[in-house]
Amino acid sequence: MESQCKEEPVLHIVVVGFHHKKGCQVEFSYPPIIPGAGHDSNTLPEEWKYLPFLALPDGAHNHQEDTVYFHLPPLDGQQKCVYGVSCYRQMEAKALKVREADITRETVQKSVCVLSQLPLFGLIQAKLQLITHAYFEEKDFSQISILKELYDHMNRSLSCTALEGSQICLGLSARELILHYKHKVLILFKLILLEKKILFYVTPVKRLVETLMTVLSLFPGIIEHGLADSSHYQPRRSISEDFSSPEIISADEESLSMYDVSDQPDQSKPCNTTLDTHYLQPHAGSLLDSECEWETLEPHVMDEMEGKVDVAHSNMFDTDSGLPITVQPQSATGQGMLTSGLVSGLQEDQYGLPLAIFTKGYLCMPYMALQQHHLLSDISVRGFVAGATNILFRQQRHLSDAIVDVDEARIQIHDPELRKMLYLSTADLRFADYLVKHVTENKEDVFLDGTGWEGGDEWIRAQFGLYIHSLLSSALQQDHERLLADYGTAFTSAWKITHNYRVWISNKHLAMASITPGHPFQGQYSVADVKIRLSHSMQNSERGKKIGNAVMLTSRSVVQTGKAVGQSVGGALTVAKSAMSSWFSMLAQPTAAVSASPQSAD
């Protein structure tokens with residue numbers, strides 16, 4: 001880190017434009033990307049050949065402006081990932097004061113990029129957005145003095161000390177993430193711990209990259225020090241190969257059915273997810289054949305996936321107050337004390353964090369260009385967390401373990417074994433419910449929204465910090481199997497064979513002795529847990545949604561019928577409540593029909 005502090009944090013200021021004949025290309029760089037070349041050279045090193053397509057994203061013409069976060073692989077002789085922030089804008093060509101001869105289109109599309117050695121995405125974006133606006137207001141793109149001033153200003157104002165403050169998460173709202181995804185945030189958290197192939201999909205790019213980076217911000221130290229090796233990949237020799245690949249399919253197949261994370265495999269009719277490695281077209285299958293409930297109330301599922309909760313620990317969780325320990329562990333000598341990990345090579349604290357997730361071929365690409373599509377099936381890439389806006393990525397669902405539809409807050413998974421690993425245990429549901437309640441309670445406060453501690457962004461990250469510290473501490477104990485059962489037996493078994501776990505467990509972390517082992521929300525099963533599980537299933541399973549809709553229709557019909565026969569509205573509502581109670585009672589009963597044939601319940 002000391003060498004990183006001594007170097008200038010900003011490497012280059014780059015302008016990327018769209019040429020009507022040449023496509024996306026670099027039009028300006030300061031200092032020149034190729035030493036000795038001119039500022040207007042569009043020549044790029046082989047490692048950065050995708051830079052123009054990352055800075056000027058797919059479908060940019062559909063938006064007046066946008067923001068992109070992206071990662072570039074290190075150049076020869078460098079060891080660290082290069083972090084890119086791009087601000088895109090377009091304007092009418094007729095508004096230009098100086099119109100060059102090669103501008104033949106009605107609109108001009110350009111992006112101004114900052115290539116940095118520090119992952120200060122939000123802070124750089126805030127400064128860059130203002131400069132991009134001023135650059136376009138000049139209406140003369142030959143005026144580059146403002147870009148040179150931006151380079152000097154950023155190198156004076158930015159330093160590695162900003163990595164230790166709250167500025168690292170500027171623009172990354174954990175509150176909005178919880179409000180949008182609710183308990184599914186924990187599922188995303190576990191997916192990344194398992195180092196799976198995860199694809200985020202939404203448009204425009206700004207929402208995509210902010211969502212992805214906000215999820216990563218829940219991991220202690222990941223953004224600050226855990227992404228240094230996250231972009232080590234080999235580009236293809238020619239970009240034309242990317243378009244001749246048989247993996248690219250037509251957009252007409254978007255209507256193919258997707259697997260939803262809220263679906264559980266039908267035990268009476270196993271799902272066939274086997275794919276030939278040489279067959280790259282998505283399988284067309286009916287939703288009824290592949291979609292099965294996975295968020296259910298069957299006791300045998302809870303017992304199998306959660307394990308038995310030790311009654312001796314029942315006092316650790318007060319079901320009445322619902323207040324667990326929520327203090328994030330702190331190092332006795334301060335959080336700023338970092339050392340280079342012997343195995344991971346990352347800058348680690350005394351707890352061994354950040355975990356070595358994004359190392360050894362596990363990539364982090366906040367935005368992935370279509371020209372990088374081959375990375376999804378590259379044998380040197382063992383996994384990824386990537387964002388895409390092009391529909392072709394979404395169609396290739398067999399190349400990803402999970403596809404996250406950001407708009408609908410839906411996680412689509414087609415591997416039934418992976419679904420089992422991601423079942424939220426009772427303790428996990430308590431944890432997720434605790435977060436959601438504290439965030440939603442202060443939702444209506446327009447003056448203090450996000451400014452308080454409890455329920456705020458930093459508070460949420462502190463809870464996930466506690467979660468990961470407790471998980472790691474539990475793994476060190478002699479009775480670790482019993483302690484880890486609260487996190488999900490299938491999940492912890494899979495996590496123990498991941499690269500990040502094996503790297504972490506290979507070293508001693510003396511500070512972990514101060515961490516209390518066990519799930520922060522461990523405790524004896526209670527009636528309150530049944531309510532949480534019921535609410536969880538009603539909101540997120542297809543069967544639950546259908547029953548909820550049926551209850552609403554029943555209530556309306558009872559009220560209308562009551563009015564028609566002259567019954568009072570109060571009496572009608574009483575009948576409606578009675579009908580709703582009968583629905584919920586029927587749902588909560590572990591009937592043989594539900595256990596034997598989940599599809600029949602639909």
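Along the sequence shown, residues carry numbers from 1.
Side-chain atoms of His414 never come within 3.5 Å of backbone atoms of Ala402 as a donor-acceptor pair (strictly under, hydrogens ignored). When atom types are taken as modelled, the side chain of His469 and the backbone of Gly465 share a donor-acceptor pair closer than 3.5 angstrom. Distance alone, capped at 3.5 Å, is enough to place a donor-acceptor pair between the Asn155 side chain and the Val10 backbone. Side-chain atoms of Ser474 come within 3.5 Å of backbone atoms of Gly518 as a donor-acceptor pair (strictly under, hydrogens ignored). One N or O on the side chain of Thr359 and one on the backbone of Ala356 form a donor-acceptor pair closer than 3.5 Å. Of the possible donor and acceptor atoms, none in the side chain of Asp479 sits under 3.5 Å from a partner among the backbone N and O of Arg482. Under a 3.5 Å cut-off, the side chain of Trp504 and the backbone N or O of His499 do not form any donor-acceptor pair. Using a distance-only test at 3.5 Å, with no hydrogens or angles considered, a donor-acceptor pair links the side chain of Asp349 to the main chain of Leu353.
Aromatic ring centres of Tyr467 and His519 lie closer together than 6.0 Å. Taking the six-membered ring wherever Trp is involved, the centroid distance between the rings of His71 and Phe121 falls below 6.0 Å. Aromatic ring centroids of Phe219 and Phe464 lie 6.0 Å or more apart. With ring centers used as reference points, Tyr487 lies 6.0 Å or more from Phe491.
In terms of heavy-atom proximity, Ala174 sits nearest to Asp457 at N-OD1, 3.2 Å. In terms of heavy-atom proximity, Ser470 sits nearest to Pro520 at OG-CG, 3.8 Å. Of all heavy-atom pairs spanning Tyr181 and Asp405, the tightest one is OH-O, 4.4 Å. Smallest separation of non-hydrogen atoms from Leu212 and Cys364: CD2-SG, 4.4 Å. Nearest heavy atoms, Trp495 versus Ala475: CZ3-CB, 4.3 Å. Closest of all the heavy-atom pairs between Ile168 and Leu120 is CD1-CD2, 3.8 Å.
Side-chain contact between Cys81 and Tyr83 is present, with heavy atoms from C-beta onward closer than 4.5 Å. Looking only at side-chain heavy atoms (C-beta outward), Val436 and Ile178 come within less than 4.5 Å of each other. When side chains are defined from C-beta on, Ile187 counts as touching His183, because their heavy atoms get closer than 4.5 Å. Proximity of Val404 to Leu199: side-chain heavy atoms (C-beta onward) are nowhere separated by under 4.5 Å. The closest side-chain heavy-atom distance from Ile223 to Leu163 is not below 4.5 Å. No side-chain heavy atom of Thr339 sits less than 4.5 Å from a side-chain heavy atom of Gln347. Counting only heavy atoms from C-beta outward, the side chains of Ser116 and Ile124 approach each other to under 4.5 Å. Leu177 places a side-chain heavy atom less than 4.5 Å from the side chain of Leu218.
Taking His232 as the reference, nothing meets the ring-ring contact (aromatic ring centres under 6.0 Å, His included) condition, with sequence neighbours excluded. With sequence neighbours left out, Thr389 forms a side-chain hydrogen bond (donor to acceptor under 3.5 Å, both in side chains) with no residue at all.
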Item to check | Candidate pair Leu399 and Lys197, rule side chain to side chain contact (heavy atoms under 4.5 Å, CB included), full reasoning | outcome: CA-CA 8 Å; Leu399 298 179; Lys197 297 179 179 180; over 6 Å; no
Next on the checklist: Walk me through whether Gln350 and Leu510 qualify under side chain to side chain contact (heavy atoms under 4.5 Å, CB included).
Outcome noted: CA-CA 7 Å; Gln350 292 185 337; Leu510 300 180; over 6 Å; no
Item to check | Check against salt bridge (Lys or Arg N to Asp or Glu O under 4.0 Å), Asp433 and Lys437 | outcome: CA-CA 6 Å; Asp433 185 64; Lys437 282 185 176 179; 3.3 Å; yes
Item to check | Asp229/Leu346 under side chain to side chain contact (heavy atoms under 4.5 Å, CB included): CA gap, chis, key distance, verdict | outcome: CA-CA 9 Å; Asp229 298 330; Leu346 303 175; 4.2 Å; yes
Next on the checklist: Assess the residue pair Phe384 and Leu375 against the criterion (side chain to side chain contact (heavy atoms under 4.5 Å, CB included)); give the C-alpha distance rounded to whole Å, side-chain angles, the decisive distance to 0.1 Å, and a yes or no.
Outcome noted: CA-CA 9 Å; Phe384 53 81; Leu375 293 175; over 6 Å; no
Next on the checklist: Evaluate Tyr233 against Gln372 for side-chain hydrogen bond (donor to acceptor under 3.5 Å, both in side chains), listing each step before the verdict.
Outcome noted: CA-CA 10 Å; Tyr233 60 83; Gln372 297 174 302; 2.9 Å; yes
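To the nearest 0.5 Å, the span separating CG on Leu363 from CZ on Arg382 amounts to 9.0 Å. Here CZ of Phe431 is found 10.5 Å from CG of Leu424. Values are rounded to the nearest 0.5 Å. A distance of 6.5 Å separates CG in Leu227 from CG in Leu216, rounded to the nearest 0.5 Å. How far CD1 of Ile413 is from CD1 of Ile403: 10.5 Å, rounded to the nearest 0.5 Å. From Glu8, atom CD reaches atom CD of Gln117 across 9.0 Å, with rounding to the nearest 0.5 Å. Atom CD of residue Glu47 and atom OG of residue Ser231 lie 11.0 Å apart, to the nearest 0.5 angstrom.
Each of Gln463, Glu454, Arg175 was checked for a side chain to side chain donor-acceptor pair (under 3.5 Å) with His438, and the lone residue meeting it is Glu454.
Using modelled atom types, one finds a donor on one side chain and an acceptor on the other under 3.5 Å when comparing Glu195 with Asn500. No side-chain donor from either of Thr214 and Glu210 sits under 3.5 Å from a side-chain acceptor of the other.
Under the 30°/60° scheme for interplanar angles, the aromatic rings of Tyr434 and Trp459 are found to be tilted.
The 12-atom threshold is exceeded at CD of Gln477, counting heavy atoms of other residues, nucleotides or ligands nearer than 6.0 Å.
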